[in-house]
*Asks:* 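One structure follows; several queries about it will come next.
Every chain is numbered from 1 and lettered A, B, ... according to where its sequence line falls, protein lines coming before strand lines.
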Protein chains: 2
Amino acid sequence: MASHGGRGRSGGRPTLEEVAARAGVGRGTVSRVINGSPRVSDATRAAVEAAVAELGYVPNTAARALAANRTDAIALVVPEPETRFFAEPYFSDMLRGVGAGLAETEMQLLLIFAGSDRERQRLAQYLAAHRVDGVLLVSVHADDPLPDLLAQLEIPAVISGPRSAGETLTSVDSDNYGGGRSAVEHLLSRGRRRIAHITGRLDVYGAQRRVDGYRDALRDAGHEPDELLIEQGDFTEEGGRRAMTTLLGRHADLDAVFAGSDVMAAGARQVLREQGRRIPEDVALVGYDDSAIARHMDPPLTSVRQPIEEMGRAMIDLLLAEVADRRPAASRGLERRQAVLPTELVTRASS
Amino acid sequence: MASHGGRGRSGGRPTLEEVAARAGVGRGTVSRVINGSPRVSDATRAAVEAAVAELGYVPNTAARALAANRTDAIALVVPEPETRFFAEPYFSDMLRGVGAGLAETEMQLLLIFAGSDRERQRLAQYLAAHRVDGVLLVSVHADDPLPDLLAQLEIPAVISGPRSAGETLTSVDSDNYGGGRSAVEHLLSRGRRRIAHITGRLDVYGAQRRVDGYRDALRDAGHEPDELLIEQGDFTEEGGRRAMTTLLGRHADLDAVFAGSDVMAAGARQVLREQGRRIPEDVALVGYDDSAIARHMDPPLTSVRQPIEEMGRAMIDLLLAEVADRRPAASRGLERRQAVLPTELVTRASS
DNA sequence: AGGTACTGTGGGAGCGCTCCCACAAGTGAT
DNA sequence: ATCACTTGTGGGAGCGCTCCCACAGTACCT
């Protein structure tokens with residue numbers, strides 16, 4: 001067996017130097033071949049590749065990281081407890097997109113949960129140590145200090161839902177405004193006129209934009225939006241129930257509800273049923289997210305689909321570009337980069 | 001802004017050397033303090049800690065990894081597509097246990113999916129590069145080459161369900177034998193006498209052990225097991241249906257069924273219902289895993305609970321011990337290490 | 001006084017790589 | 001012939017740490 005403890009084990013993994021000796025070239029040349037530099041003759045490249053194969057050479061990541069001052073790793077930071085991460089298909093979809101984009105590189109993805117204070121503390125240390133080349137941030141609250149920390153450390157980062165219209169980080173978002181519009185336009189086209197809206201938490205920028213879309217769609221159709229038809233929810237089922245109850249109390253004659261999430265739509269549906277309103281005959285219902293809930297609801301729920309997987313893909317592409325530039329976009333004084341992906345209305349029996 | 005491109009940035013992160021200068025000590029002493037060596041006087045230690053705090057020193061992981069030949073990272077390898085990982089609460093529970101054990105260390109956890117061939121190829125490269133100090137292996141099939149690769153590379157590893165009675169890797173398991181026994185003993189105590197068993201895939205060691213427990217419980221109660229009451233399933237709902245159908249065809253008078261998983265129990269339940277058997281009046285039903293399915297079944301399903309989170313905790317504890325020894329247990333010719341955690345029968349209305 | 005131990009400390013050597021400078025050899029314009 | 005440039009190559013320096021040897025200082029035996 002190869003082992004003799006401690007350092008200087010000679011039977012261990014081959015080094016660049018050994019590959020160079022075997023191929024009859026210098027260290028630098030091997031390095032160039034390994035890293036795909038074009039400034040190597042074909043014959044030399046072939047000789048080096050043969051030596052690499054014969055010796056089973058695999059570069060030492062730590063040495064490379066030390067010398068090159070990069071880690072070839074990026075982190076997906078989830079500022080939530082792990083439980084939520086697994087519960088929501090959102091993350092798994094996004095991860096798939098990220099994974100696809102990363103599969104084409106040598107980069108390694110780290111999944112970091114920062115739900116508790118303790119975990120956040122650790123994360124800060126982690127980032128301060130520059131253990132990753134870049135960071136992907138998902139579901140960040142408006143008052144989270146993380147984006148600022150990242151900016152200060154000059155670590156490239158991409159955020160999945162901008163915190164505000166003035167988001168400084170490179171961001172990827174779905175078209176919440178357009179999503180809100182399309183839901184309302186759809187309801188209008190179905191002949192609905194008294195369309196209520198249950199919003200998400202309004203400290204979430206995307207939820208605000210959905211409201212904007214709702215209002216503008218009505219205005220463009222010649223209906224001045226009635227603020228009493230808008231009620232704030234909080235993305236929960238219970239919040240949906242509460243908002244729906246309030247809305248029915250104020251506007252017994254409403255004929256459609258656009259909920260800012262499928263979960264809230266589920267809550268609204270319960271209240272509508274309890275009060276004897278038929279869906280969609282009496283009240284049409286539209287949700288947001290096109291989650292499993294929407295497909296399994298009775299009746300199946302019309303909902304606005306966000307291209308989560310594509311968003312993950314866009315995030316990683318933008319991040320890799322910033323990492324390649326070796327600095328965050330913001331610190332170069334360049335225009336902010338952002339990608340906004342289109343949503344799609346999935347029509348089902350509820351509307 | 002700190003940056004000037006390339007190397008030798010002087011405004012960058014402080015190094016050990018700078019901390020040493022600031023504290024008025026040598027490099028070695030700072031290293032000793034950082035790594036918690038006891039061979040430092042209290043006064044010196046205090047001075048160094050002050051300098052570390054003042055400069056905001058954070059060790060460079062790459063340099064440490066290079067010099068010390070360790071990475072302070074371990075991998076949780078899941079030889080499944082990501083989809084299954086997110087779908088099954090098993091993984092999330094286990095991850096919680098692992099996370100808890102790791103929280104007390106400086107170790108970093110990497111989650112690696114190796115569902116496709118391409119991913120497995122990458123994983124092999126990854127391990128060959130010794131990018132982690134140890135590996136946690138979950139849900140490995142009997143014919144998987146991964147354990148052997150790990151052994152050959154002399155990377156410490158712990159596996160979550162031994163592949164056979166002769167498992168060479170350090171392993172953690174729940175007491176499948178005892179779980180099988182307790183299910184049967186429970187049914188016997190309820191007066192059932194013709195107890196059938198739907199097994200899991202018998203190339204899974206744990207499934208075999210459940211059958212062993214089933215047989216021995218019957219024998220110990222004075223009933224010679226009837227092989228015609230045992231039918232092989234495959235852990236799927238469809239497999240449960242098929243096995244149940246077969247069993248009813250052979251033994252119309254059976255009065256209890258012990259299924260090797262809740263999912264198979266769900267399949268069995270459908271067939272029982274279709275054939276007009278009442279649960280538990282005519283046939284008592286017991287499952288395995290105590291999953292969400294068991295709680296939500298009608299009637300709620302009695303099931304054998306495995307302490308998944310505790311298993312995760314045990315895995316990480318065993319792995320950290322091996323990593324601290326700097327070599328796998330097997331390569332030291334020591335006794336194999338293994339932990340077997342007790343199962344618990346959760347009694348519900350189905351039995 | 002000498003010997004033997006232990007404690008605490010400094011700093012050299014070296015981990016395996018990348019970066020970059022130096023330079024040889026070739027190419028083509030002047 | 002000279003100059004300027006390009007292409008391909010070798011190897012020194014250095015990334016920031018850990019390991020370990022050397023050694024000063026102190027303590028306690030003979």
*Asks:* Is there side-chain contact between B:Thr61 and A:Tyr126, with heavy atoms separated by less than 4.5 Å?
*Replies:*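 Counting from C-beta outward, B:Thr61 and A:Tyr126 never come under 4.5 Å.
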*Asks:* Can you find a pair of side-chain heavy atoms, one from B:Leu95 and one from B:Leu109, that are under 4.5 Å apart?
*Replies:* yes
*Asks:* Indicate whether OP1 or OP2 belonging to C:dC15 is found under 4.0 Å from a side-chain N or O atom of A:Asn60.
*Replies:*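 Answer is no, no contact under 4.0 Å.
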*Asks:* Please pick, from D:dT18, D:dA13, C:dG16, the nucleotide with the shortest atom-to-atom distance to any side-chain atom of A:Ala63.
*Replies:*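 So the nucleotide nearest the side chain must be C:dG16.
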*Asks:* Tell me whether the side-chain N/O atoms of A:Thr61 come closer than 4.0 Å to OP1 or OP2 in C:dC17.
*Replies:*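 Result: no.
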*Asks:* Kindly say whether, by distance alone, the side chain of A:Arg32 makes a donor-acceptor pair under 3.5 Å with the base of D:dG10?
*Replies:* yes
*Asks:* Check B:Glu54 with B:Arg22, please: is the shortest side-chain N to carboxylate O separation under 4.0 Å?
*Replies:*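 Looking at B:Arg22 and B:Glu54, the cut-off is met.
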*Asks:* Given C:dG10, is OP1 or OP2 found less than 4.0 Å from the side-chain N or O atoms of B:Arg27?
*Replies:*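 Indeed not, no polar side-chain atom of B:Arg27 lies that close.
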*Asks:* Does D:dT9 have OP1 or OP2 sitting under 4.0 Å from an N or O in the side chain of A:Thr29?
*Replies:*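 For D:dT9, OP1/OP2 do not have a side-chain N/O of A:Thr29 under 4.0 Å.
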*Asks:* Need the bend value for the helix from C:dA1-D:dT30 to C:dT30-D:dA1: angle between end axes, 5 pairs each end, nearest 10°.
*Replies:* 50°
*Asks:* Measure the distance from CZ on B:Arg64 to P on C:dG16 and round it to the nearest whole Å.
*Replies:*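 After rounding, the reported distance stands at 18 Å.
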*Asks:* Take atom CD of A:Glu18 and atom P of C:dG16, then tell me their distance rounded to the nearest Å.
*Replies:*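 Going from CD in A:Glu18 over to P in C:dG16 covers 8 Å.
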*Asks:* Is it true that B:Arg120 and B:Asp117 make a salt bridge, defined as a side-chain N closer than 4.0 Å to a carboxylate O?
*Replies:*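 Salt bridge flag = no for B:Asp117 with B:Arg120.
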*Asks:* Do the side chain of A:Arg39 and the base of D:dT9 come within less than 3.5 angstrom through a donor-acceptor pair of N or O atoms?
*Replies:* no
*Asks:* Could you state the atom-to-atom distance from CD of A:Glu17 to P of C:dT18 in whole Å?
*Replies:* 13 Å
*Asks:* Kindly say whether, by distance alone, the side chain of A:Arg13 makes a donor-acceptor pair under 3.5 Å with the base of C:dG16?
*Replies:*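 Check fails, no donor-acceptor contact within cut-off.
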*Asks:* Report the distance from atom CZ of B:Arg131 to atom C1' of C:dG16, rounded to the nearest whole Å.
*Replies:*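 About 15 Å, once rounded to whole Å.
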*Asks:* Side chain of A:Leu66, heavy atoms from C-beta onward: which of C:dT7, D:dG14, D:dG16 has the nearest atom to it?
*Replies:* D:dG16
*Asks:* With B:Leu146, which of B:Leu169, B:Val140, B:Val77 fulfils side chain to side chain contact (heavy atoms under 4.5 Å, CB included)?
*Replies:*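 Single pass found, and it is B:Val77.
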*Asks:* Atom OG of B:Ser160 and atom CG of B:Leu136: how far apart are they, to the nearest 0.5 Å?
*Replies:*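 The distance works out to 8.5 Å.
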*Asks:* Taking the nucleotide of DNA chain D with the closest heavy atom to each, which residue, A:Pro38 or A:Gly28, is nearer the 5' end?
*Replies:*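 On the 5' side of the pair lies A:Pro38.
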*Asks:* Measure the distance from CZ on A:Arg70 to C1' on C:dT18 and round it to the nearest whole Å.
*Replies:*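 In whole Å, C:dT18 C1' and A:Arg70 CZ are 8 Å from each other.
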*Asks:* Do A:His141 and A:Arg163 pass the side chain to side chain contact (heavy atoms under 4.5 Å, CB included) test, and can you show the C-alpha distance, the side-chain angles, and the key distance before you say yes or no?
*Replies:* CA-CA 7 Å; A:His141 287 254; A:Arg163 292 163 296 163; over 6 Å; no
*Asks:* Just by distance, with hydrogens left out, do B:Glu80 and B:Ser139 show a side-chain donor and acceptor under 3.5 Å apart?
*Replies:*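 Present: a donor and an acceptor within the cut-off.
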*Asks:* Rounded to whole Å, how long is the line connecting atom CG of B:Asp42 with atom C1' of C:dT9?
*Replies:* 15 Å
*Asks:* Would you kindly give the CG-to-P distance between B:Asn69 and D:dG16, to the nearest whole Å?
*Replies:* 20 Å
*Asks:* Under 4.0 Å between a side-chain N/O of A:Ser31 and OP1 or OP2 of C:dC19, yes or no?
*Replies:* no
*Asks:* With a cut-off of less than 4.0 Å, is there a side-chain N or O of B:Thr44 near OP1 or OP2 of C:dG8?
*Replies:*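 Checking C:dG8 against B:Thr44, no side-chain N or O comes under 4.0 Å of OP1 or OP2.
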*Asks:* For the side chain of B:Ala67, starting at C-beta, report the closest nucleotide among C:dT9, D:dG14, D:dG16.
*Replies:*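 So the side chain of B:Ala67 is nearest to D:dG16.
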